[in-house]
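Fair warning: this is a prediction, and the values are worked out from it, not measured in the lab. For reference, positions follow the sequence shown, starting with 1.
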Amino acid sequence: MPEPPQTIDDLLRLVRASGRVDEQRLERFLEPWRGSSGPIPDALVTALVEGGLLTSWQLEQLRRGKHKGFILGKYRLLRHLGAGGMSHVYLAEHSTLHHKVAIKVLPSDRVDQSSYLARFEREAQASARLNHPNICRAFDLDSYGSTHFIVMEYIEGVDLYAKVKREGPLEVREAVDLVRQAALGLQYAHEEGLLHRDVKPANLMLDKRGTLKILDLGLALARDEDRSSLTREHDEKVLGTADYLAPEQARDSHLADRRSDIYALGCTLYYLLVGRAPFAAGSLAERIRAHMNQPAPNLLDQRPDVPTAIVELYFRMMEKHPEARQQTAQEVADALGNWLSGGSVPRARSEPPRRAAPRRGGEPVRSVESPAAPRRPAAAAPVRTPSDSG
């Protein structure tokens, strides 16, 4: 267990051991504290950060007694951005070019476990082959000692799960545009032969220019993978996130196809508009069973301001049988884009038999082509305090 530094000398010893700060620069910086000893003064801590010698995260690690892990090959880790089920992500800087990147690190204790390393490498390969404005790029796959990492595009922004948690449910037009962008990215991935299999708000990042980027291809599946693939080799039958899991994917991840990503995107649309996933209550098993057996909850029960055309499209995305959903993500993107531009939402190109979508009070939602639009109940405040697993 690392010993936290107690004195100035202790802290400076850790700073030097970290290799993070040039010695000559450090010596010049320390001139005001030359000859000082004893407890670490707050002024020194503040100056180290404000002077640009260390980031707040680096200093926090040093004050915990940790001096390793700031450098991965050509990259210097600046701060921790987040953690997922099988990795940690850091903001990093190239040591000579000084451009910012995101580094996804596979913990060393995962390397020998099941298919983690193989799936990690596959994520890098999948991301690197995709070049689309709505997909986060991967630039490199490398290792440093026993640490394996992916070098990715750094996106300065917020993921949609965090955005809704912070701001509450989104306005209809904003939610529709974000789902439209996600559908465009998914269409490109599908055309390149990849399924995402873990579409959810936490894997959709909105940058500061309003562009949405799809993250985390860790569960991506090539369309032509067969029974000898990683998930079957390691008996990993159900992969994905329970709150956004298509029924066929819940039964077996290898039953997933591009329409499974469309179902998850429908769940995401509900989350953006309501503030929780469609089936957010109960245990993991209960939520999975709900996806398989329960009808999709009616958006209008929580958001009576959502137009009928969007409700109809959402219900179609959430159909239990893949054949009843839109057959491509492009159909979703086109329909949403058409609505945003003031047009009507067209039917999907392959039109299966349809059930009437339920609405509050038992009144059915009419087809979007029906000349008489249904009356919507008086507006009610959207739910803003639910929770889901992201």
Side-chain angles (χ1 to χ4, degrees), residues 84-87 89 102 104 106 114-141 148-153 155 159-160 178-205 211-234 236-241 244-268 317 322 325-334:
M86 58 178 272
S87 59
V89 181
K104 176 176 278 194
L106 181 68
S114 185
S115 58
Y116 278 106
L117 178 57
R119 189 181 299 137
F120 193 73
E121 292 173 344
R122 187 178 64 185
E123 175 183 359
Q125 294 162 359
S127 299
R129 65 190 266 198
L130 301 180
N131 184 9
H132 188 274
N134 296 119
I135 297 177
C136 178
R137 293 291 311 279
F139 305 124
D140 197 9
L141 171 66
H148 296 257
F149 60 94
I150 302 171
V151 182
M152 305 184 302
E153 172 187 6
I155 303 166
D159 70 70
L160 298 190
L178 293 174
V179 171
R180 179 191 65 84
Q181 291 188 58
L184 290 173
L186 287 173
Q187 177 64 24
Y188 175 82
H190 295 165
E191 289 173 353
E192 292 296 310
L194 287 171
L195 312 172
H196 193 286
R197 296 200 301 175
D198 199 21
V199 176
K200 60 181 178 179
N203 280 340
L204 302 176
M205 178 73 75
T211 301
L212 182 130
K213 304 268 188 177
I214 299 173
L215 308 178
D216 201 350
L217 291 166
L219 297 184
L221 175 73
R223 269 203 309 257
D224 56 0
E225 277 193 49
D226 58 23
R227 298 185 67 85
S228 65
S229 69
L230 287 170
T231 52
R232 292 201 181 277
E233 177 185 348
H234 295 276
E236 294 165 347
K237 189 173 182 181
V238 178
L239 294 170
T241 302
Y244 306 91
L245 200 62
E248 66 278 7
Q249 189 172 341
R251 295 185 183 95
D252 185 336
S253 294
H254 278 252
L255 296 177
D257 62 21
R258 62 191 182 186
R259 298 165 300 183
S260 307
D261 285 347
I262 291 172
Y263 181 95
L265 194 57
C267 295
T268 297
M317 296 172 76
R325 298 174 205 147
Q326 296 89 344
Q327 298 300 289
T328 67
Q330 189 66 54
E331 292 181 47
V332 176
D334 289 346

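Considering all non-hydrogen atoms of both residues, A128 and R137 come closest at O-NH2, 3.7 Å. For the pair R325 and P247, the tightest heavy-atom approach, listed with the atom from each and the gap, is NH2-CD, 3.6 Å. Here the closest heavy-atom approach between residue A264 and residue Y244 is recorded as CB-O, 3.2 Å. Nearest heavy atom pair, residue D159 against residue M205, reads N-SD, 3.3 Å. Across all their heavy atoms, M317 and V332 have their closest contact at CE-CG1, 3.9 Å.
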List the steps and the verdict of side-chain contact (heavy atoms from CB on, under 4.5 Å) for L215 and I155. CA-CA 10 Å; L215 308 178; I155 303 166; 3.8 Å; yes

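Of the possible polar contacts, one joining the R258 side chain to the Q327 backbone as a donor-acceptor pair under 3.5 Å is found. Side chain of Q181 to main chain of N134: no donor-acceptor pair is present (N/O by atom type, distance under 3.5 Å, no hydrogens or angles). Under the 3.5 Å distance criterion, the side-chain polar atoms of N203 are matched with a main-chain donor or acceptor of D198. Of the possible polar contacts, none joining the Q330 side chain to the Y188 backbone as a donor-acceptor pair under 3.5 Å is found.
A side chain to side chain donor-acceptor pair (under 3.5 Å) with D261 holds for exactly one of Q187, H196, H190; it is H190.
Listed by chain and number, the residues in a side chain to side chain contact (heavy atoms under 4.5 Å, CB included) with D257 are R259, S260 (sequence neighbours excluded).
Within the model, atoms CG of L204 and CG of L178 stand 8.5 Å from one another, a figure rounded to the nearest 0.5 Å. Here the NE2-CG distance, from H132 to L184, works out to 5.5 Å after rounding to the nearest 0.5 Å.
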